[in-house]
Amino acid sequence: MIDPTARRRQFSRREALGLLGTAAAAGAAASGVGLPPLRAQQRFTSVEPPEFPAGAVIRTLQGDVDPTALADGATLFHEHVGRADVDLAVEELQACAFDGLGCIVDAATGRRTQQQVEHLNAIAARSEVRIVMAGGYFEDIGFAIYPVRVAEMSEDELVEELVADAAAQRWGAFGEIASSLEMRPDERKVHRAIARAHLRTGLPIFTHTPHESCPSCAMEQMDVIEGVGVDLSRVVIGHMATIKPEHDPLATHTAIAKRGAFVGLDTLGHEMGRSDIPEADKVRMVQDLLDAGLEDHILLSSDQGNMRQFKRYYGHGWASVLMQFVPKLRYAGVPEHSIRKMLVDNPRRFLAFVPPA
């Protein structure tokens, strides 16, 4: 039986704490000083600061930054941040900063509307997490196809549009640039246009390969992009964590790295509807790459955009790599310096570029 007196004491204490919190908040508001930011519960810091070319920057919506400025905080190279609910996005990013996130790349699957650009800039203006806007066009048959206008445009017209949009909207990368299980002529045209736009702007490129496991797609994307004259060290071949065990992921990953590109393991930390590969297999992918001496070529991300997996609901949101996948790497014995290199130093090397004069 509960003592009524104890209940009154408990209620009074709860009331007192509530009043104290209200008074503190009112005092802060009256003085114009907000509550102090939470200190991150974990930090990801540089272990081997890369050497960047003279004049290199990482282009964020909050301004161009020296790559050395991103030495403290994880950078995720392929996520989906933009949305109409600006308040929700800001809330999620602040919570992810508490988990150690410092910079995030917003991938595009098509040409953004002016309103979408405004929403993403509004999110960036209120976030301590730096946001890199990426752009391009996306086709993966069975999932998404190009707008009719893209199919009808010439390669030259696409190049001009991509260069103009990148300048007007302050893109920091091209991506995610997709192809189907069998690359179609229009997809080949878009890949060539992206490669040519890269040569004009210097912006790095990250791609999408089908989630159904397609080693040949990775090779074909590199062939097309490199065939235009792109240095593959400026390219990430994406969704390489969706290569099935029976397709020998390490062979594909090694072939990518040997040609100079990054291996994009960017479906981590949450369930993917089109790729039923256990997370334990993805941990082994990282271990195999490290054992093969390819640490410099690994990038991690989640490709997260499902609101039901946000922190407000039932997941880790954009921190799923940091809070769900990284602990599994640690448990498997992956050294902390390797984790920090994959999350801090490698993405800075990828994103840094020298703007043309």
Next on the checklist: Regarding K244 and D281, does a basic nitrogen lie under 4.0 Å from an acidic carboxylate oxygen?
Outcome noted: no
Item to check | Under-4.0 Å salt bridge between R200 and E160 | outcome: yes
Next on the checklist: To the nearest 0.5 Å, what is the distance between NE2 on H208 and SG on C214?
Outcome noted: 9.5 Å
Checklist entry - Will you find, in the side chains of T68 and D66, an N or O donor that is under 3.5 Å from an N or O acceptor? => result yes
Next on the checklist: Which label fits F143 and F138: parallel for a plane angle under 30°, tilted from 30 to 60°, or perpendicular past 60°?
Outcome noted: perpendicular
Checklist entry - Checking salt bridge (charged side-chain N to carboxylate O under 4.0 Å, His left out) against E226, which of R259, R192, R234 comes through? => result R259
Next on the checklist: With no hydrogens and no angle check, just 3.5 Å: does a side-chain donor-acceptor pair link T267 and D303?
Outcome noted: no
Checklist entry - Any chain of hydrophobic side-chain contacts (each under 4.5 Å) joining I339 to L289? => result yes
Checklist entry - Is there side-chain contact between H80 and T109, with heavy atoms separated by less than 4.5 Å? => result yes
Next on the checklist: Checking H78 against E176: is there a side-chain donor and acceptor pair closer than 3.5 Å?
Outcome noted: yes
Item to check | E92 and R83 ion-paired at < 4.0 Å | outcome: no
Next on the checklist: Checking side-chain polar atoms at under 3.5 Å, does Q221 have a donor or acceptor matched by the opposite partner on S179?
Outcome noted: yes
Item to check | Between D99 and Q41, a side-chain donor and acceptor under 3.5 Å | outcome: yes
Next on the checklist: Test your reading of the model: is there a side-chain donor-acceptor pair from Q62 to the backbone of A124, 3.5 Å cut-off?
Outcome noted: yes
Item to check | Between CE on residue M240 and NE2 on residue H253, distance to nearest 0.5 Å | outcome: 6.0 Å
Next on the checklist: Test your reading of the model: is there a side-chain donor-acceptor pair from H316 to the backbone of L322, 3.5 Å cut-off?
Outcome noted: no
Item to check | Flag if over 12 foreign heavy atoms under 6.0 Å of CG, L250 | outcome: yes
Next on the checklist: So that I can tick it off, tell me whether D223 and R188 are bridged by a salt bridge, with the cut-off set at under 4.0 angstrom between side-chain N and carboxylate O.
Outcome noted: no
Next on the checklist: Using only atom types and a distance under 3.5 Å, with no angle test, would you say the side chain of D106 pairs donor to acceptor with the backbone of G82?
Outcome noted: yes
Next on the checklist: Donor-acceptor check, side chain of S180 to backbone of M183, threshold 3.5 angstrom: yes or no?
Outcome noted: no
Next on the checklist: Taking M153's backbone N and O only, do any of them form a donor-acceptor pair with K189's side chain (distance below 3.5 Å, no angle check)?
Outcome noted: yes
Next on the checklist: Same cluster or not: F325 versus V344, using hydrophobic residues (I, L, V, M, F, W, Y) connected whenever any side-chain heavy atoms lie under 4.5 Å apart?
Outcome noted: yes
Item to check | Set of residues satisfying disulfide bond (SG atoms under 2.5 Å apart) with respect to C103, sequence neighbours excluded | outcome: none
Checklist entry - Backbone N or O of Q304 within a donor-acceptor pair of the E79 side chain at under 3.5 Å? => result yes
Checklist entry - H198 side chain to I194 main-chain N or O, any donor-acceptor pair under 3.5 Å? => result no
Checklist outcome for this item: CG (L158) and CD (E152) are apart, to the nearest 0.5 Å, by 11.5 Å
Checklist entry - Is E271 atom CD crowded by more than 12 heavy atoms from other residues, nucleotides or ligands, each under 6.0 Å away? => result no
Checklist entry - Can you tell me how far OG of S302 sits from CD of Q309, rounded to the nearest 0.5 angstrom? => result 8.5 Å
Item to check | Heavy-atom closest pair, residues P347 and L299 | outcome: N-CD2, 3.4 Å
Next on the checklist: Assess, by modelled atom type and distance only, whether the side chains of S213 and H247 contain a donor and an acceptor separated by less than 3.5 Å.
Outcome noted: yes
Checklist entry - Hey, is the main chain of T45 close enough, under 3.5 Å, to the side chain of R340 for a donor-acceptor pair? => result yes
Item to check | For V321, the option from L101, D266, L300, L329 that meets side chain to side chain contact (heavy atoms under 4.5 Å, CB included) | outcome: L300
Checklist entry - Distance-only, no hydrogens or angles: does the S127 side chain make a donor-acceptor pair with backbone N or O of I123 under 3.5 Å? => result no
Next on the checklist: Looking at T209 and G238, would you say the former's side chain and the latter's main chain have a donor-acceptor pair under 3.5 Å?
Outcome noted: yes
Checklist entry - With sequence neighbours left out, what residues match C96 under disulfide bond (SG atoms under 2.5 Å apart)? => result none
Item to check | Check: F262 ring centroid to F206 ring centroid under 6.0 Å | outcome: no
